[in-house]
Number of protein chains: 2
Amino acid sequence: MKKDRKIPEFKKYKYSVAAVDLAAFTIIENELNVLVVKMKYDPFKGERALPGGRIRTYESIDECARREFYEKTRIKNIYLEQLYSFGDVKRDPSMRIISVAYLVLVNNGGIDLKTTEKYEEICWIPVSKVPKLAYDHSKILKYALLRLKSKLTYTNIVYNLLPQKFKLSEMRKIYEIILGRELDKRNFRKKIFSLDLIKEVGKEAGVPHRPSKLYSFKVKKPMVVEIF
Amino acid sequence: MKKDRKIPEFKKYKYSVAAVDLAAFTIIENELNVLVVKMKYDPFKGERALPGGRIRTYESIDECARREFYEKTRIKNIYLEQLYSFGDVKRDPSMRIISVAYLVLVNNGGIDLKTTEKYEEICWIPVSKVPKLAYDHSKILKYALLRLKSKLTYTNIVYNLLPQKFKLSEMRKIYEIILGRELDKRNFRKKIFSLDLIKEVGKEAGVPHRPSKLYSFKVKKPMVVEIF
DNA sequence: CCAAAAGTGTTGGGGATACACCCATGA
DNA sequence: TCATGGGTGTATCCCCAACACTTTTGG
């Protein structure tokens with residue numbers, strides 16, 4: 001009986017608020033990093049979470065995700081993809097929020113991030129070192145990582161994590177980091193070239209070993225390509 | 001200038017309402033059918049649309065989808081999977097609605113459907129004969145069909161479209177209908193058996209030709225299986 | 001000449017595809 | 001015996017995975 005009383009407490013909210021949460025990734029020093037914030041206010045004050053915010057009535061969900069990310073990082077030119085909507089009744093203890101999760105990929109995550117009025121801190125941290133997150137954000141992060149792995153294997157989205165010009169070994173390294181396993185150098189090369197995705201655009205210089213050729217993507221549009 | 005005035009009109013809504021829309025499929029007479037309703041009220045009065053409804057504050061999104069489907073069809077035991085959230089500002093001309101689209105699969109769609117107070121009519125219609133739908137529902141339907149095709153090829157979800165006991169030819173027929181191409185009888189058989197998904201449970205009787213063996217799925221849980 | 005990373009070919013096996021004929025039953 | 005759909009085997013091809021040595025540069 002007592003248990004039953006718990007559910008109706010959410011009925012006091014007439015509306016379910018819609019929001020977005022961002023699982024944003026970048027590669028820093030051969031590690032996959034995710035953007036996390038430290039909450040400034042209750043509930044979850046002091047805990048880590050994914051950045052996010054409410055959807056305004058005059059913007060689409062994609063626009064909201066892009067705006068939120070820009071406001072928090074001042075980074076433009078990102079890749080953005082809707083993941084999944086999370087709406088458990090009690091995912092936010094303070095009110096009923098339905099959150100649309102987004103995958104964000106950035107190729108220059110190293111640049112400085114300023115904190116905002118909403119969060120105590122905002123920073124990139126290696127995925128391997130992420131603590132338990134507030135709300136259901138650990139679940140969202142897990143989901144985002146799954147999608148990222150999956151998309152790497154059958155699309156060209158890796159271009160969003162690479163600089164304009166890059167070495168093939170850098171590209172392979174990103175695959176190895178995210179998939180969590182080593183890839184054969186020769187087979188990787190064969191596969192990528194067979195897909196006709198990249199073109200040679202120069203040559204590395206000033207390295208104490210055989211210089212690498214530099215490549216660039218022919219097209220930077222999401223495509224299905226079946227890499228593995 | 002005039003154009004700019006159009007956007008702020010949506011600001012008059014303080015909240016974005018969250019809802020679900022259902023793309024529900026079943027096989028009827030060797031055709032893929034989708035559940036559509038005829039709208040009773042403006043806007044879109046008289047037009048066809050996918051069924052759907054608002055998310056209540058005390059139910060999760062999945063629960064809402066399940067409830068909506070049950071209320072409209074009185075069918076239980078369905079397969080349900082979240083697809084994507086649609087939230088263009090003007091997708092509903094009357095107010096700002098963010099809608100979480102669901103894929104629903106039913107294996108006994110032929111049973112009678114009663115209309116409800118909200119809709120003028122609710123019925124299954126062949127996907128090949130669906131007219132342009134209200135709201136952005138044509139877009140949702142297209143997305144759902146893509147996902148359905150895709151999921152057929154790498155999971156066992158086909159069991160949601162088959163009766164308890166079925167012939168292998170019925171199973172193959174469903175693949176052919178949804179994928180839109182013929183499949184080699186021998187190769188299909190080899191592939192399905194190699195995946196160890198189904199078991200023999202009997203034999204057809206009373207047909208004027210060699211009776212078919214009947215099969216049943218060993219497990220009815222979603223699994224990744226790479227069928228094609 | 002040494003260290004360091006880049007670049008390069010071949011082979012074997014497994015899974016996918018293509019393809020045609022016999023079988024079991026009811027009428 | 002005939003019409004109908006059910007059931008079966010083989011040969012080929014291509015893609016993937018495994019694997020080790022040579023090349024180019026700066027110091």
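By convention in this document, chain letters (A, B, ...) are assigned in the order of the sequence lines, proteins followed by strands, and residues within each chain are numbered from 1. Any value given below was found using the heavy atoms of this structure, including those in side chains, with hydrogens, waters and symmetry copies removed.
Put simply, Lys191(B) has no side-chain N or O that comes within less than 4.0 Å of OP1 or OP2 on dG15(C). Proximity of Ser169(B) to the phosphate of dG6(D): a side-chain N or O atom is located under 4.0 Å from OP1 or OP2. For Lys167(B), no side-chain nitrogen or oxygen approaches OP1 or OP2 of dG7(D) to under 4.0 Å. Between Ser212(B) and the phosphate of dG7(D), there is a side-chain N or O to OP1/OP2 separation shorter than 4.0 Å.
Nearest-nucleotide positions on DNA chain C place Glu226(B) closer to the 5' end than the other of Glu226(B) and Arg186(B). Toward the 5' end of DNA chain D, the nearer of the two residues Arg210(A) and Asp184(A), judged by each one's closest nucleotide, is Asp184(A). Each of Pro208(B) and Phe228(B) was matched to the nucleotide of DNA chain C holding its nearest heavy atom; the match closer to the 5' end belongs to Phe228(B).
Taking the six-membered ring wherever Trp is involved, the centroid distance between the rings of Phe217(B) and Phe166(B) falls below 6.0 Å. Ring centers of Tyr175(B) and Phe228(B): under 6.0 Å apart, within the cut-off. Taking the six-membered ring where the residue is Trp, the centroids of Phe25(A) and Tyr79(A) are separated by 6.0 Å or more. Between Phe193(B) and Tyr215(B), the ring centre distance stays below 6.0 Å.
The nearest whole Å value for the distance from the CD atom in Glu204(B) to the C1' atom in dA24(C) is 11 Å. If you measure from atom NE2 of His209(A) to atom P of dA4(C), you get 10 Å, rounded to the nearest angstrom. We find that CZ of Arg172(A) is positioned 12 Å from P of dA5(C), with the value rounded to whole Å. Here the C1' atom of nucleotide dC15(D) and the CZ atom of Arg189(A) are 20 Å apart, to the nearest Å. When the P atom of dA24(C) is taken as reference, atom NZ of Lys203(B) falls 9 Å away, rounded to whole Å. Between the CE atom of Met171(A) and the P atom of dA5(C) there is a distance of 21 Å, rounded to whole Å. For Phe193(A) and dT8(C), the CZ to C1' distance is 11 Å, given to the nearest whole Å. The separation between Phe188(B) atom CZ and dA16(C) atom P is 13 Å, rounded to whole Å.
When heavy atoms are screened at a 4.0 angstrom cut-off, Lys190(B) is found touching base atoms of the nucleic acid. Across all strands, Lys185(A) comes closer than 4.0 Å to base atoms (heavy-atom distances). As judged by a 4.0 angstrom heavy-atom cut-off over every strand, Ser194(B) is placed among residues making no nucleic acid contact.
Side chain of Asn187(A), nearest nucleotide from dT8(C), dA5(C), dC19(D): dC19(D).
For Lys213(A) against dT23(D), a side-chain-to-base donor-acceptor contact under 3.5 Å is absent.
The two atoms that bring Leu83(A) and Arg147(A) nearest to each other are O-NH2, 2.7 Å, heavy atoms only.
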